[in-house]
Amino acid sequence: MVVILKENPNEKQLENLKNWLTSLGLEIHISNGAHQTILGLVGDTSVVDIDLIKALDIVEEVKRIQEPFKNANRKFHPQDTVIEVGGVKLGGGNFQFIAGPCSVETEEQICYVAQAVKEAGAGILRGGAFKPRTSPYSFQGLGADGIRLLLEAKEKTGLPIITEIMDLGQLKYFDDVDIIQVGARNMQNFELLKELGHLRKPVLIKRGMSATLQELLMSAEYVMAGGNDQVILCERGIRTFETYTRNTLDLSAVPVLKSMSHLPVVIDPSHATGKSTLVRSMALAAAAAGADGLMIEVHNDPQHAWCDGPQSITPEAFAALVKDVKSILPFCRYSYE
Ligand code: PEP
Ligand code: MN
C-alpha cells in the first residue's frame, strides 16, 4: 500500500499518521520526491482502513499495491535509484560501463585489462574469482587469490570492482569489493540473498536463465527486505529453443523492469549472445532500449582466455563500443515516473 501525501504536509499530523501506522505493525518507507512524499507500507496492510487514511487532511491518495514486490516497486519509490560506488554513479540518467575479463587469471592480465578498460571509459571493473562453471573439470576461478588480484587492479586504477559470490562462506573475502554480483545460477539462492540484505553495499543480481521478470524482482525484494536498498538488476539472456546464440537476450526486459521498478537495469550482451561479434550491436540496442549500463567481458587475448573467450572482446573493440554507445545516449532517455 502507498500513501501519497499532499505537498508540504503538516509535520505534527504526519508524525501522528506515522505513529498510527507503526502501531498497526507496519513498516514505513518514505520516498521524498521533488513535489510528492510517498509512504510505502510493508506488512499486513489488510488491517488498514483505507477510508480513514484517505479522510486525513494531509493525504492526497491511498493505493493498494497488487504486486508481491514492494520495496523494489516503482509505485513505492517513483524516482530512479542511483547507485554510487567509488565516485561513480549508476542509474537515474547515469549510464555506466562495467568491463573486464570473465575471470581473473594473472596479476598482469587483470591489471592490464583494468587499465585498458579505464582508458576506454569503463567506470567499474569486473572479474570473476569464484566461477560457477558447468563442468567441474573446468577452471573454477582463483578464489580468494582472484579477489586479492582484483583489489590490486582497483588500487592501481582507482576503479571500483564487482565480482561474483557463490556461497555465503565466501563473504569474508568481499570486505573491499564494491559491488557483489549474484550470478544467474544463484538468483534464487534465498539464504544468500537474505544475508546480502544485511549488508550496506550494492548487489547486482543477474536474471536466472529461466526466471521471469517478476521472479527477478522478487529476488531483489529479498535483498531489500533486509534493509539493503542498493540493488542493480541485470538481464544476461534467457534459455529459449534458439541455439545459435548462447542465450536469447530479452531486451524488452529493460522497459518492463524499469516501468515496474526504480532499480537500475544493466544489460550483459556477452553472456546473452556468447559471441564477441554480436556484443557491439546488442550493446547499442540495450542503450537504445533505455538500459542504465552495460556489463561487458573484455580480455587482452580472447583466444587464450581461461573462460568465455568466444564472447570476450578486445580492449580496442571495447573502446570503439564505448564511443558508439555514448554517441547515441542523448537519444535514449525515457521517463517512467
Ligand atoms: C559472469 O558474469 O561471469 C557469469 C558467470 O554470469 P552469469 O551468472 O550471467 O552466467
Ligand atoms: Mn563469463
Side-chain angles (χ1 to χ4, degrees), residues 96-105 109-110 113-114 117 122 124-136 138-143 146-147 149-150 161-167 170 174 177-189 192-193 196 202-211 213 215-216 219-220 231-240 245-251 253-254 257 265-276 278-279 282-283 286 291 293-314 318:
Q96 203 48 254
F97 294 89
I98 304 170
C102 178
S103 41
V104 180
E105 298 170 6
Q109 174 243 16
I110 191 63
V113 176
V117 297
I124 301 169
L125 174 67
R126 67 149 284 149
F130 297 101
K131 295 300 305 175
R133 302 304 302 278
T134 302
S135 167
S138 302
F139 172 56
Q140 302 286 305
L142 296 180
I147 296 200
L149 296 179
L150 264 178
I161 56 171
I162 174 168
T163 191
E164 178 169 353
I165 190 167
M166 285 169 55
D167 182 87
Q170 296 158 357
F174 282 69
V177 169
D178 300 279
I179 306 177
I180 301 181
Q181 176 172 325
V182 175
R185 292 156 190 82
N186 265 313
M187 188 203 88
Q188 288 190 316
N189 182 340
L192 179 60
L193 296 172
L196 299 180
V203 177
L204 178 143
I205 308 178
K206 294 187 123 189
R207 180 182 183 182
M209 30 196 123
S210 57
L213 295 175
E215 284 165 343
L216 172 59
S219 294
V231 178
I232 303 162
L233 307 169
C234 179
E235 157 65 33
R236 44 76 75 207
I238 50 173
R239 271 283 163 85
T240 67
T245 46
R246 183 176 179 183
N247 293 288
T248 296
L249 178 56
D250 177 11
L251 270 182
V254 179
L257 288 171
V265 177
V266 164
I267 291 286
D268 171 350
S270 308
H271 291 89
T273 62
K275 288 184 158 75
S276 59
L278 301 178
V279 169
M282 290 302 98
L294 288 163
M295 178 185 262
I296 294 183
E297 286 189 345
V298 178
H299 197 282
N300 51 311
D301 183 6
Q303 280 192 331
H304 297 103
W306 296 5
C307 183
D308 285 351
Q311 68 194 35
S312 300
I313 61 173
T314 60
F318 175 68

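Note that these values count all heavy atoms, side chains included, but never hydrogens, waters or copies made by symmetry. Both ligands and their constituent atoms are indexed starting at 1 by order of listing.
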Next on the checklist: For Phe174 and Phe130, take the angle between the two ring planes, folded into 0 to 90°, and tell me which bin it lands in: parallel under 30, tilted 30 to 60, perpendicular over 60.
Outcome noted: parallel

Checklist entry - Taking Asp268 as the fixed residue, which of Arg207, Arg246, Lys206, Arg236 is the one that meets the salt bridge (Lys or Arg N to Asp or Glu O under 4.0 Å) rule? => result Lys206

Relative to the heavy atoms of [X], which atoms of ligand 1 are at a distance of less than 4.0 Å?
{"X": "Glu297", "answer": "3 (O)"}
{"X": "Gly183", "answer": "8 (O)"}
{"X": "Glu164", "answer": "4 (C), 5 (C)"}
{"X": "Lys206", "answer": "1 (C), 2 (O), 4 (C), 6 (O), 7 (P), 8 (O), 9 (O)"}
{"X": "Arg236", "answer": "7 (P), 9 (O), 10 (O)"}

Checklist entry - Would you say Met295 and ligand 1 have an N/O pair spaced under 3.5 Å apart? => result no

Item to check | Name, closest N/O/S atom of Glu297 to the Mn ion (ligand 2) | outcome: OE2

Checklist outcome for this item: min-distance N/O/S atom, Asp308 vs the Mn ion (ligand 2), resolves to OD2

Item to check | CA sep, side-chain torsions, deciding dist, call: Glu297, Arg126, side-chain contact (heavy atoms from CB on, under 4.5 Å) | outcome: CA-CA 8 Å; Glu297 286 189 345; Arg126 67 149 284 149; 3.4 Å; yes

Item to check | Test log, rule side-chain contact (heavy atoms from CB on, under 4.5 Å), inputs Val298 and Ile313 | outcome: CA-CA 5 Å; Val298 178; Ile313 61 173; 4.1 Å; yes

Checklist outcome for this item: Checking heavy-atom distances from atom 10 (O) of ligand 1 to each of Arg185, Gln181, His271, the winner is Arg185

Next on the checklist: Quick check on Arg133: does its CZ atom have over 12 non-hydrogen neighbours (other residues, nucleotides or ligands) under 6.0 Å away?
Outcome noted: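 Buried by this count: over 12 neighbours within 6.0 Å.
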
Checklist entry - Distance only, no hydrogens: is a donor on one side chain within 3.5 Å (strictly under) of an acceptor on the other, for Asp308 and His299? => result no

Item to check | Side-chain donor-acceptor contact under 3.5 Å, Asp167 with Gln170 | outcome: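 Result is no, nothing qualifies.
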
Checklist entry - Does Arg126 come within less than 4.0 Å of ligand 1, judged by its heavy atoms? => result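 Arg126: in contact with ligand 1 (<4.0 Å).
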
Checklist entry - Could you give the distance from CD (Gln181) to CD1 (Ile98), rounded to the nearest 0.5 Å? => result 8.5 Å

Item to check | the Mn ion (ligand 2) to nearest N/O/S of Cys307 below 2.8 Å | outcome: no

Checklist entry - Can you tell me which residue and heavy atom of the protein come closest to atom 8 (O) of ligand 1, and the distance to 0.1 Å? => result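 For atom 8 (O) of ligand 1, the nearest protein heavy atom comes out as Ala184 N, 2.8 Å.
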
